[in-house]
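Structure first, then comments.
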Amino acid sequence: MLLTTALVCPAVSHGDDRREHDRILELRASGEILPMAEMLERAGQVVRGEFIEAELEREGGRHVYELKILDADGVLHKLYMDAGTGELLQHRRRGPRD
């Protein structure tokens with residue numbers, strides 16, 4: 001997850017990376033968010049492809065994962081999923097010619 005955080009926030013200092021990492025661990029330990037492995041499994045039920053990146057945000061009073069997945073046809077899928085329940089909230093697609 002630390003690697004994902006680094007990919008998501010490359011301009012953030014290492015101290016900020018550590019705080020973000022610690023915050024994610026606390027949310028996971030408290031049960032507020034699901035494990036990333038479970039989120040990726042649920043995402044795989046929506047779209048097959050290569051996992052590219054994840055971002056955890058707070059939106060509308062809940063934690064939301066934005067997962068980016070590239071499928072075999074070169075289409076980039078952005079899945080917005082409730083981090084606490086795994087529910088798919090939104091699915092956006094962008095093709096190689098868009």
Side-chain angles (χ1 to χ4, degrees):
M1 191 63 186
L2 181 58
L3 176 58
T4 302
T5 301
L7 292 173
V8 171
C9 306
V12 176
S13 74
H14 293 294
D16 288 342
D17 283 349
R18 186 67 198 164
R19 281 189 290 278
E20 179 70 9
H21 182 255
D22 291 345
R23 183 177 74 86
I24 291 169
L25 288 175
E26 289 172 9
L27 291 170
R28 176 59 201 110
S30 71
E32 290 185 59
I33 64 173
L34 295 171
M36 181 54 71
E38 186 169 339
M39 295 302 296
L40 292 175
E41 182 179 319
R42 289 173 185 242
Q45 295 171 3
V46 177
V47 63
R48 298 273 180 210
E50 180 182 350
F51 169 72
I52 303 296
E53 177 179 62
E55 231 178 289
L56 180 63
E57 300 173 351
R58 185 90 173 152
E59 296 178 8
R62 65 179 160 193
H63 290 93
V64 175
Y65 272 116
E66 176 186 330
L67 303 175
K68 293 181 182 178
I69 299 171
L70 186 64
D71 73 16
D73 296 324
V75 176
L76 179 66
H77 298 261
K78 289 184 181 179
L79 305 179
Y80 297 86
M81 303 179 77
D82 185 301
T85 66
E87 174 189 2
L88 178 65
L89 304 172
Q90 189 175 26
H91 182 176
R92 294 184 181 174
R93 296 164 189 84
R94 190 160 136 201
R97 294 183 263 313
D98 292 342

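A quick note: this is a predicted structure, and the numbers were derived from the prediction, not measured.
Once rounded to the nearest 0.5 Å, the distance linking CD of Glu55 with NZ of Lys68 reads 6.5 Å. With values rounded to the nearest 0.5 angstrom, Leu40 atom CG is found 7.0 Å from Ile69 atom CD1. Between Ile52 atom CD1 and Leu67 atom CG the span is 11.5 Å, to the nearest 0.5 Å. Taken to the nearest 0.5 Å, the NE2 atom of His77 stands 12.5 Å off from the CZ atom of Arg48.
Taking hydrophobic clusters as Ile, Leu, Val, Met, Phe, Trp and Tyr residues chained together by side-chain heavy-atom distances below 4.5 Å, Leu88 does not share a cluster with Val64. In the hydrophobic clustering of ILVMFWY residues, with side-chain heavy atoms under 4.5 Å counting as a link, Val46 and Met36 come out together.
Taking each heavy atom of Leu79 and Ala43 in turn, the nearest pair found is CD1-CB, 3.6 Å. Contact record, Tyr80 with Lys78: OH-CD, 3.7 Å, taken as the closest heavy-atom pair. Between Met81 and Leu89 the shortest heavy-atom distance is C-CD1, 4.0 Å.
Side chain of Arg28 to main chain of Gly31: no donor-acceptor pair is present (N/O by atom type, distance under 3.5 Å, no hydrogens or angles). Using a distance-only test at 3.5 Å, with no hydrogens or angles considered, a donor-acceptor pair links the side chain of Arg42 to the main chain of Thr85. At distances below 3.5 Å, not a single donor-acceptor pair connects side-chain atoms of Asp73 with backbone N or O atoms of Val75.
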Could you go through the salt bridge (Lys or Arg N to Asp or Glu O under 4.0 Å) check for Arg23 and Glu26 one step at a time? CA-CA 5 Å; Arg23 183 177 74 86; Glu26 289 172 9; over 6 Å; no
Could you go step by step and tell me if Leu56 and Leu27 meet the side chain to side chain contact (heavy atoms under 4.5 Å, CB included) rule? CA-CA 11 Å; Leu56 180 63; Leu27 291 170; 4.0 Å; yes
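Residues Ile33 and Tyr65 have side chains in contact (heavy-atom distance under 4.5 Å, counting atoms from C-beta outward).
Under the ring pair (Phe, Tyr, Trp, His ring centres under 6.0 Å) criterion, His63 pairs with no residue at all, not counting sequence neighbours.
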